[in-house]
Amino acid sequence: MGQTIFVPRESDTTEPRVAASPETVKRYAGFGFDVVVEAGAGAASRITDDEFVQAGAKIGKAADAGKADIVLKVRRPNAAELKTYKKGAAVFATMDPYGNEGEVAAMGKAGISAFAMEFMPRITRAQSMDVLSSQANLAGYQAVIDAAETYDRAMPMMMTAAGTVPAAKVFVMGAGVAGLQAIATARRLGAVVTATDVRAAAGEQVASLGAKFIMTDALKDASGEGGYARELTEAEKKAQAELVASHIAKQDIVITTALIPGRPAPKLVSADMVKSMRPGSVIVDLAVERGGNVEGAKAGETVTTANGVKIIGHLNVAGRVAASASLLYAKNLYAFLETMVDKEKKSFAIDPEEELAKATLLTHGGQVVHANFKAAAKPAAKPAARKAAPKPAAAKTDKDAGAKPVRKAPARKPAAKGGKS
Ligand code: NAD
């Protein structure tokens with residue numbers, strides 16, 4: 001086919017993941033793509049250059065991006081990277097576009113076709129392409145591992161000749177993809193697990209994992225559109241807070257994962273609730289990048305409160321299990337890209353009107369094409385007054401149909417595994 005795929009080493013040095021795996025490289029090569037992987041791109045995910053070569057890739061350097069028809073990335077390309085891409089190149093990444101409208105416009109201007117993988121519709125046929133799910137699943141797992149490492153007691157009940165160690169009590173708030181995996185992981189470690197959510201449907205899933213579902217009677221169901229939660233009314237928030245306040249004081253570990261599309265993360269754990277917990281208790285706030293569920297949580301830090309409760313606020317939690325996260329992410333990208341390959345002609349082509357492309361394509365043909373960002377990219381001035389460079393309009397609302405808005409990423413700190421932040 002003669003088309004080239006380039007897989008760079010991520011320019012953000014705190015990002016250990018990589019957008020291809022030996023398995024996906026082999027499949028791309030099988031389609032007839034020339035695959036070039038930047039030297040060391042997989043190192044932080046425990047994939048060696050040799051493994052990529054054995055799968056059919058050539059090892060190259062950053063400048064090889066200029067020859068690529070397709071670039072596979074974890075994060076949005078920065079300005080320096082954009083300059084190296086050829087016009088018309090398709091770039092797949094988690095683009096984090098909300099609050100970054102200027103960067104979206106720059107990708108349009110650079111003439112690339114930028115696909116925001118996090119906008120993949122949550123429909124059955126796109127499940128294998130859903131990066132939010134694959135990464136949230138691992139983040140839910142890792143949240144429990146981080147909590148267990150910080151918690152200075154054993155998790156399972158141990159009956160020994162020297163006495164009995166009680167099982168840790170783990171409370172998971174938000175039983176979506178991350179929360180359900182956190183429940184399963186905590187159960188495997190022997191904890192006694194309770195969980196809450198505002199969607200009634202979550203109750204059955206929680207119970208099927210052997211945990212107890214807790215929900216206030218005042219809140220029947222706050223399911224919103226597309227299987228997501230809606231924001232609670234003030235009365236519902238109050239009822240939920242009362243329930244949580246009485247429950248949380250008895251917990252050893254709390255994992256919070258609650259998110260509402262297009263809104264800041266709901267505040268679920270107040271400073272007073274944290275104060276009611278015993279010294280040595282651990283809270284992991286997985287929503288910290290979207291404003292946090294826990295009062296006092298700090299992005300990228302572990303805070304120890306005056307009463308000895310540790311609040312963990314790691315960023316890029318999936319990146320803390322990078323070797324696993326990269327394999328799943330790479331497969332998500334492959335599953336999507338495959339839909340654009342004509343297997344007979346052995347060629348890759350974008351159909352901007354196709355459902356999945358339409359939902360994810362931010363820029364194409366030199367323009368911002370995604371409905372949620374088109375307005376922001378429009379020149380503020382009339383065509384006649386062309387002297388002033390068009391400035392992107394103010395950040396658009398996060399609300400949209402189908403696509404799940406992502407946080408405006410705060411400055412990232414290294415998510416070094418093992419090290420305590
Ligand atoms: P999410 O990341 O948006 O939110 C995490 C959880 O927080 C959700 O379960 C939500 O209900 C909960 N939450 C929100 N406000 C809360 C509050 N005040 N208190 C307690 N909990 C609160 O959600 P998600 O993990 O992306 O999953 C959302 C839904 O989408 C789930 O039902 C999931 O099964 C479904 N899903 C479907 C597909 C698919 O069909 N392809 C893929 C992934 C997820």
Side-chain angles (χ1 to χ4, degrees), residues 94 117-141 143 171-184 194-206 208-209 211 213-216 218-245 247-248 254-270 273 284-295 317-318 328 332 335-336 355-356 359-360 398-400 402-407:
T94 41
M117 288 302 294
E118 65 268 55
F119 283 3
M120 192 59 69
R122 286 186 144 178
I123 54 175
T124 307
R125 93 179 155 99
Q127 264 178 2
S128 58
M129 311 165 200
D130 182 353
V131 297
L132 289 180
S133 287
S134 75
Q135 305 302 291
N137 193 22
L138 284 164
Y141 159 82
F171 180 38
V172 177
M173 304 184 73
V177 179
L180 291 174
Q181 185 55 255
I183 293 167
T194 50
T196 191
D197 201 295
V198 293
R199 293 178 299 108
E204 217 170 277
Q205 292 166 322
V206 167
S208 75
L209 292 170
F213 190 61
I214 294 182
M215 201 192 210
T216 159
L219 179 63
K220 296 281 178 268
D221 184 23
S223 295
E225 271 174 48
Y228 292 113
R230 64 163 168 81
E231 192 166 21
L232 302 188
T233 63
E234 285 309 314
E236 286 171 337
K237 276 186 195 164
K238 194 163 166 270
Q240 188 192 34
E242 277 163 19
L243 171 88
V244 173
H247 187 64
I248 212 165
V254 177
I255 314 271
T256 72
T257 75
L259 293 175
I260 304 162
R263 310 282 316 148
K267 279 276 176 282
L268 301 180
V269 181
S270 67
M273 292 179 196
V284 180
D285 190 345
L286 272 190
V288 77
E289 294 183 40
R290 294 263 298 268
N293 295 139
V294 182
E295 205 175 338
V317 177
L328 300 189
N332 292 145
F336 185 30
E355 183 187 14
L356 304 183
T360 52
D398 275 2
K399 280 209 167 135
D400 69 278
K404 180 181 171 185
V406 285
R407 76 222 139 47

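Both counts, for ligands and for their atoms, begin at 1 and track the order of listing.
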Requested in this report: Record the part of Ala202 in heavy-atom contact with ligand 1 below 4.0 Å; permitted values are side chain, backbone, both and neither.
Outcome: neither

Query - Contacts of type ring pair (Phe, Tyr, Trp, His ring centres under 6.0 Å), residue Tyr141, not counting sequence neighbours - result: none

Query raised in the report: Out of Asp197, Val198, Asn137, who gets a non-hydrogen atom closest to atom 10 (C) of ligand 1?
Result: Asp197

Query - Which segment of Gln240 sits under 4.0 Å of ligand 1 when only heavy atoms are counted - result: side chain

Query raised in the report: Any donor and acceptor pair, going by atom type alone, linking the side chain of Thr216 with main-chain N or O of Gln240 inside 3.5 Å?
Result: no

Query - Heteroatom distance test (Gly176, ligand 1): nitrogen or oxygen, under 3.5 angstrom - result: yes

Report task. Report yes or no: does a heavy atom of Arg199 sit under 4.0 Å from some atom of ligand 1? Result -> yes

Query raised in the report: Considering only heavy atoms of Asp130, which atoms of ligand 1 have at least one such atom less than 4.0 Å away?
Result: 42 (C), 43 (C)

Query raised in the report: When you measure from the side chain of Asp285 to the backbone N and O of Val294, does any donor-acceptor pair fall under 3.5 Å?
Result: yes

Query raised in the report: Would Glu231 count as a contact of ligand 1 if the rule is a heavy atom under 4.0 Å away?
Result: no

Query - Ala175 to ligand 1, any heavy atom closer than 4.0 Å - result: yes

Query raised in the report: Within a strict 4.5 Å, meaning less than it, do heavy atoms of the Met117 and Gln135 side chains meet?
Result: no

Query raised in the report: Quick one: does Asn293's side chain have a donor or acceptor within less than 3.5 Å of a partner on Leu268's backbone?
Result: no

Query raised in the report: Is Gln127 touching ligand 1 with its side chain, its backbone, both, or neither, if touching means heavy atoms under 4.0 Å apart?
Result: side chain

Report summary line: Contact region, Ile260 to ligand 1, non-hydrogen atoms below 4.0 Å, reads side chain

Query raised in the report: Charged N to carboxylate O under 4.0 angstrom, Glu234 versus Lys238?
Result: no

Query - Under-4.0 Å heavy-atom contact with ligand 1, by part of Leu268 that carries it - result: side chain

**Report entry** Student check: side-chain heavy atoms of Glu355 and Ile123 closer than 4.5 Å
**Finding:** yes

**Report entry** Whether Ser133 lies under 4.0 Å from ligand 1, heavy atom
**Finding:** yes

Requested in this report: Return yes if some donor-acceptor pair links the side-chain N/O of Lys237 with the main-chain N/O of Glu231 below 3.5 Å, else return no.
Outcome: no

Query - Short side-chain to backbone donor-acceptor contact, Thr360 and Glu118, under 3.5 Å - result: no

Requested in this report: Return a yes/no value for Tyr228: is any of its N or O atoms, backbone included, closer than 3.5 angstrom to an N or O of ligand 1?
Outcome: no

